[in-house]
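Computed from heavy atoms alone, side chains included, the values below leave out hydrogens, waters and symmetry copies. In what follows, every chain begins at residue 1, and chains take the letters A, B, ... in the order their sequences are listed.
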2 protein chains.
Amino acid sequence: MLIEIDLESDLPIYSQLVNQIIEGIATGHLKPGEGLPSVRTLAADLGINLHTVNKAYQILKQKGFVLIHRQKGVVIQPQGIAKADAYFIEGIKETVKPLVAESICRDISEEEFITYCRELFSYFHKQKGGFSNE
Amino acid sequence: MLIEIDLESDLPIYSQLVNQIIEGIATGHLKPGEGLPSVRTLAADLGINLHTVNKAYQILKQKGFVLIHRQKGVVIQPQGIAKADAYFIEGIKETVKPLVAESICRDISEEEFITYCRELFSYFHKQKGGFSNE
DNA sequence: CTATATGTTATAGTATATATATAACAGATA
DNA sequence: TATCTGTTATATATATACTATAACATATAG
């Protein structure tokens, strides 16, 4: 899977890595059991430090997206990702709340906002669906 | 308007201030032309430093939510807030994208996600509407 | 056995962000 | 004149982000 980082972004590099790998799982580009590059390989490919990659992998492990075998390497959680709990839902609301507030101030309607959300769901489902034999 | 900050939060204090003031405008608790406490007053009330409040005010000014008169103080933008531009929309999508990705991985349906968004819109509109003579 | 690959740990250094503390300044107003 | 604005300037402390090296434990390939 292609990973690109933006050194100008205000998002830390390790966060960009975490996001892109989760997005890869969401689209189906990364499948359960699939291996990820070693910390050294990915770091070299991206021109960043091994510890930055390792930090991203540790966060993904803590979130339950990957398993880390000390020698085999890092693989996408083969058992599937743990379903959302109340804590995760709360985090979503907390993050979206200021966006909704500013949207209201700037005259973005509820329906317009929801259109953007639906577009994002469509984006991720484009590749994942399509085949019934999975 | 009541402002509360959480020193344990991973969000910087100045960001919490910015968010809560924008949310105050969204709910209608803060009205155009209304004055905000001076940087010293608010800092003292919250038990934080004057520069932290000032940073929040500067961000709100840059975003177009307040006017700052060097002597009069800080007031909610009397002309109303500038409508959303393409840049703002892009920012919304960028912020929501990783949330949608993780939601898909965690089996949160598009409709469930949208329900949470609608709940937030309802929350902000509760106080704002209600009266037709505004 | 040896070499190589894994993730892991340790140490150090640099740069930036966050928040604080103090002091002083410019200008309007009471 | 005293007091209230926001503003600017310094300095300090702490945490975060990122890098640079080195070394370690362990599984596997040759």
Nearest-0.5 Å distance, CD1 of residue I3(A) to CG of residue N19(A): 11.0 Å
Approximate separation, where rounding is to 0.5 Å, of L30(A) CG and Q20(A) CD: 10.5 Å
Would you mind reading off the distance between [X] atom [atom1] and [N] atom [atom2], rounded to a whole angstrom?
X	N	atom1	atom2	answer
D6(A)	dA17(D)	CG	P	16 Å
R40(A)	dA23(D)	CZ	C1'	10 Å
Y14(A)	dT19(D)	OH	C1'	15 Å
L60(B)	dG6(D)	CG	C1'	15 Å
I59(B)	dA17(C)	CD1	C1'	12 Å
L36(B)	dT5(D)	CG	P	13 Å
I13(B)	dT14(D)	CD1	C1'	13 Å
Y57(B)	dT8(D)	OH	P	17 Å

Residues from residues 42-55 of chain B sitting under 4.0 Å of DNA chain C, heavy atoms only? I48(B), N49(B), H51(B), T52(B), K55(B)
The side chain of V39(B) is closest to which nucleotide in this list: dG7(C), dC18(D), dG6(D)? dG6(D)
Picking from dT6(C), dT8(C), dG6(D), the nucleotide nearest the side-chain atoms of S38(A) would be dT6(C)
Once you apply a heavy-atom cut-off of 4.0 Å, does T41(B) come out as touching a base, just sugar-phosphate, or nothing? sugar-phosphate
Do the side-chain N or O atoms of Q58(A) get closer than 4.0 angstrom to the phosphate oxygens (OP1, OP2) of dG7(C)? no
Side-chain donor-acceptor contacts of residues 75-90 of chain B below 3.5 Å, not counting sequence neighbours, with atom names and distances?
| unit_1 | atom_1 | unit_2 | atom_2 | d |
| --- | --- | --- | --- | --- |
| K83(B) | NZ | D107(A) | OD2 | 3.1 |
| D85(B) | OD1 | Y87(B) | N | 3.4 |
| D85(B) | OD1 | F88(B) | N | 2.9 |

Pairs involving residues 55-84 of chain B, ordered by first then second residue, that meet ring-ring contact (aromatic ring centres under 6.0 Å, His included) (sequence neighbours left out): none
Residues pairing under ring-ring contact (aromatic ring centres under 6.0 Å, His included) where one sits in residues 98-120 of chain A, two or more places apart or in two chains, turn out to be F113(A)-F121(B)
Between [X] and [Y] (side chain of the first, backbone of the second, donor and acceptor by atom type, cut-off under 3.5 Å), is there such a pair?
X	Y	result
T27(A)	G24(A)	yes
S122(A)	R118(A)	yes
T41(B)	P37(B)	no

Would you tabulate the pairs of protein nitrogen or oxygen atoms and nucleotide nitrogen or oxygen atoms of nucleotides 26-30 of chain C closer than 3.5 angstrom?
| unit_1 | atom_1 | unit_2 | atom_2 | d |
| --- | --- | --- | --- | --- |
| dG27(C) | O4' | Q71(B) | NE2 | 3.3 |

Does T95(B) have any side chain to side chain contact (heavy atoms under 4.5 Å, CB included) partners at least two apart in sequence or in another chain, and if so, which? T95(A), L99(A)
